[in-house]
Amino acid sequence: MASSSYITDILRRPPERTFLGRLKAGDEISYLTTLACAASILLIVGLIVAELWTKSQPTVQTFGWKFLSTSTWNPNSDQYGALPFIYGTCVTSAVALIISIPLGVGAAIFLAEMAPPRLSNMLTFLIELLAAVPSVIYGLLGIFILVPLIREYLVPALRNTFGYLPIFEGPFYGVSMLSAGLVLAVMVVPFIVSVSREVLLAVPTDQREAALALGATKWETTWDIVLPNASTGILGSVFLALARALGETMAVTMVIGNTPKIAASLFAPGYSIAAVIANEFAEANGKLYISSLIFLGLVLFGLTIVINAVARILILMTTRKAA
Amino acid sequence: MTTPEQPIVKERAPARASDSDTNTLPSTSKLNAKNINFFYGSFQALHDISMDIQSNKITSFIGPSGCGKSTFLRTMNRMNEALRNTRVEGDLLLDGENLLGMDVTYVRRRVGMVFQKSNPFPKSIFDNVAYGLRVNGITKKSIVEESVEKSLTRAALWTEVKDKLHKPASALSGGQQQRLCIARALAVEPEVLLLDEPCSALDPIATLKIEELLFQIKDMTTIVIVTHNMQQAARLADYTGFFLLGKLIEFDDTRKIFQNPNKKETEDYVTGRFG
């Protein structure tokens with residue numbers, strides 16, 4: 001029989017059933033605490049939706065679904081339609097993605113596959129710093145640096161090459177959906193780069209070696225094998241960027257022109273959902289006006305959810321095909 | 001260093017043509033390593049390794065973990081170049097020509113490799129085998145199809161997968177995946193096939209299947225295999241090299257290595273007294 005010692009005294013002691021004892025050891029308590037944390041997040045989201053819904057009832061009752069499909073936004077005559085804002089939000093985000101996806105994925109490929117590790121880490125750190133720049137700074141840079149550059153070089157170039165396309169027609173005043181899209185592209189590119197790089201680095205080395213051993217070049221290996229392995233994660237980074245672009249407020253409102261009109265041309269000014277809420281909430285008077293702005297918030301929320309859902313389905317479909 | 005060697009190989013060339021017919025004729029050297037030193041940064045992993053690898057034979061490398069046998073295998077298709085901060089010294093002659101000076105993709109088309117862990121691409125079975133052809137510019141459908149069937153047959157996998165060629169490779173079992181990787185390597189018809197512990201993750205039945213297929217393909221390619229399993233080396237190999245601490249201690253006929261080795265270290269290792 002083992003002799004009793006300090007250690008065995010403690011180890012053989014029957015478990016305390018006091019509250020404190022259970023807290024220290026406690027499986028049940030940790031389960032309940034973490035469950036409460038998770039539930040509270042869902043609760044907050046639920047409350048936001050419920051609040052937006054109740055506060056937007058006047059608009060829902062006055063305009064119904066037509067709110068989403070009409071384009072008059074006139075507080076003087078109490079006529080509200082969300083379409084120009086939905087259009088502006090989608091167009092600027094699309095422009096941002098069209099520019100930032102190739103740029104971001106290209107940079108991520110360089111950082112993950114080509115650059116020496118030390119350079120890669122340094123550059124990644126710098127690129128991630130870009131994500132920490134406040135959006136008002138991006139807005140200022142957009143107005144004072146990007147817009148003149150676009151006017152000077154990009155617009156003439158686009159006119160000369162693709163001028164026959166309706167999206168590059170008409171006069172350019174500086175503030176425009178194109179400018180907003182470009183500023184957004186700069187803002188979201190760090191997300192695409194840093195997430196895509198991580199995903200590319202996580203592709204197992206044996207996949208690369210298998211392709212190299214068959215006589216594939218470094219680039220063929222990257223393009224044929226590494227990218228398909230990482231495609232799900234890269235898509236994830238794109239949707240992270242999209243979520244950011246859809247909701248961006250400050251930088252967009254500084255360069256988009258704040259004009260609630262639907263124009264085919266990217267050179268024309270526009271308006272986004274987040275921008276109109278920020279700009280008009282302070283001076284909104286009248287029940288219908290305020291409730292229309294709140295409903296716009298709900299629309300933005302819904303837009304984000306729909307796009308995320310589509311993204312999930314897309315990812316599921318691609319992974320099911322591969323795996 | 002390389003020029004005086006070439007005439008010797010040319011002299012032997014006539015013998016090689018008839019070599020595959022019978023084992024009694026003098027065999028010829030396919031790969032010839034001369035004073036190979038290899039460095040990971042400042043750490044020297046291989047010390048002055050020289051050996052002749054015979055054409056259409058199976059050569060195995062045995063030795064404890066970290067002794068350099070995989071490193072040496074990976075210098076033979078220059079796979080170590082994918083790692084940073086590595087350096088190789090010496091000459092590696094493939095049919096008398098130094099492969100360290102060749103275009104690296106050309107070397108790897110001629111010297112194929114199968115890895116320790118099966119690593120099929122996340123593609124269909126067919127596309128896995130066809131990848132090596134496609135990436136090297138062979139895209140004609142009939143030729144690719146024929147080659148895929150031939151390679152899968154040689155890898156003893158055809159009957160098992162012929163009805164699900166377009167299913168993902170990940171659906172196969174571990175042993176099947178490794179045979180798929182062998183088929184993938186065989187599709188580019190390599191002159192030398194390097195195998196880095198190909199059976200270490202497989203059960204005995206799957207291992208046996210791979211050993212059988214290696215015997216089958218011996219007539220079309222030269223095989224070099226690294227193994228931790230000494231029975232496997234004894235069963236499979238015509239020649240065996242024993243590595244210890246980055247040095248090639250002994251290289252000889254497999255029977256000699258296992259029954260009557262010259263060096264004390266070899267005897268200790270093959271009899272299990274090592275360590």
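Atoms considered below: every heavy atom in the structure, side chains included; atoms not considered: hydrogens, waters and symmetry mates. Below, read A as the first sequence line, B as the second, and so on, with proteins coming before strands; counting in each chain starts at 1.
For the pair B:A82 and A:L212, the tightest heavy-atom approach, listed with the atom from each and the gap, is CB-CD1, 4.0 Å. Taking each heavy atom of A:D224 and B:K123 in turn, the nearest pair found is O-NZ, 3.5 Å. Across every non-hydrogen atom of A:A211 and B:Y131, the tightest pair is CB-CE2, 4.1 Å.
Annotation for A:I7: atom CD1 does not count as buried by contact number, only 12 or fewer foreign heavy atoms lying within 6.0 Å. Remark: B:R84 CZ is packed, more than 12 non-hydrogen atoms of other residues, nucleotides or ligands lying under 6.0 Å away. A 6.0 Å sphere centred on CD of B:E146 holds no more than 12 heavy atoms belonging to other residues, nucleotides or ligands. No more than 12 heavy atoms of other residues, nucleotides or ligands shown are found within 6.0 angstrom of CH2 on A:W223.
There is no contact between B:V114 and chain A, counting heavy-atom distances below 4.5 Å. For B:R134, no part lies under 4.5 angstrom from a heavy atom of chain A. Only the side chain of A:I225 comes within contact range of chain B, judged by heavy atoms closer than 4.5 Å. Residue B:P120 touches chain A through its backbone alone, counting heavy-atom pairs closer than 4.5 Å.
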- [ ] Run the numbers on B:R108 and A:L214 for side chain to side chain contact (heavy atoms under 4.5 Å, CB included), then give the verdict.
- [x] CA-CA 6 Å; B:R108 289 174 185 158; A:L214 292 167; over 6 Å; no
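Side chain of A:D206 to main chain of B:N119: no donor-acceptor pair is present (N/O by atom type, distance under 3.5 Å, no hydrogens or angles). Listed for the A:E209 side chain is no donor-acceptor partner under 3.5 Å among the backbone atoms of B:M113.
Rounded to the nearest 0.5 angstrom, B:F115 CZ and A:Q207 CD are separated by 10.5 Å.
In terms of non-hydrogen atom pairs under 4.5 Å with chain B, the most contact-rich of A:A216, A:P228, A:P204 is A:A216.
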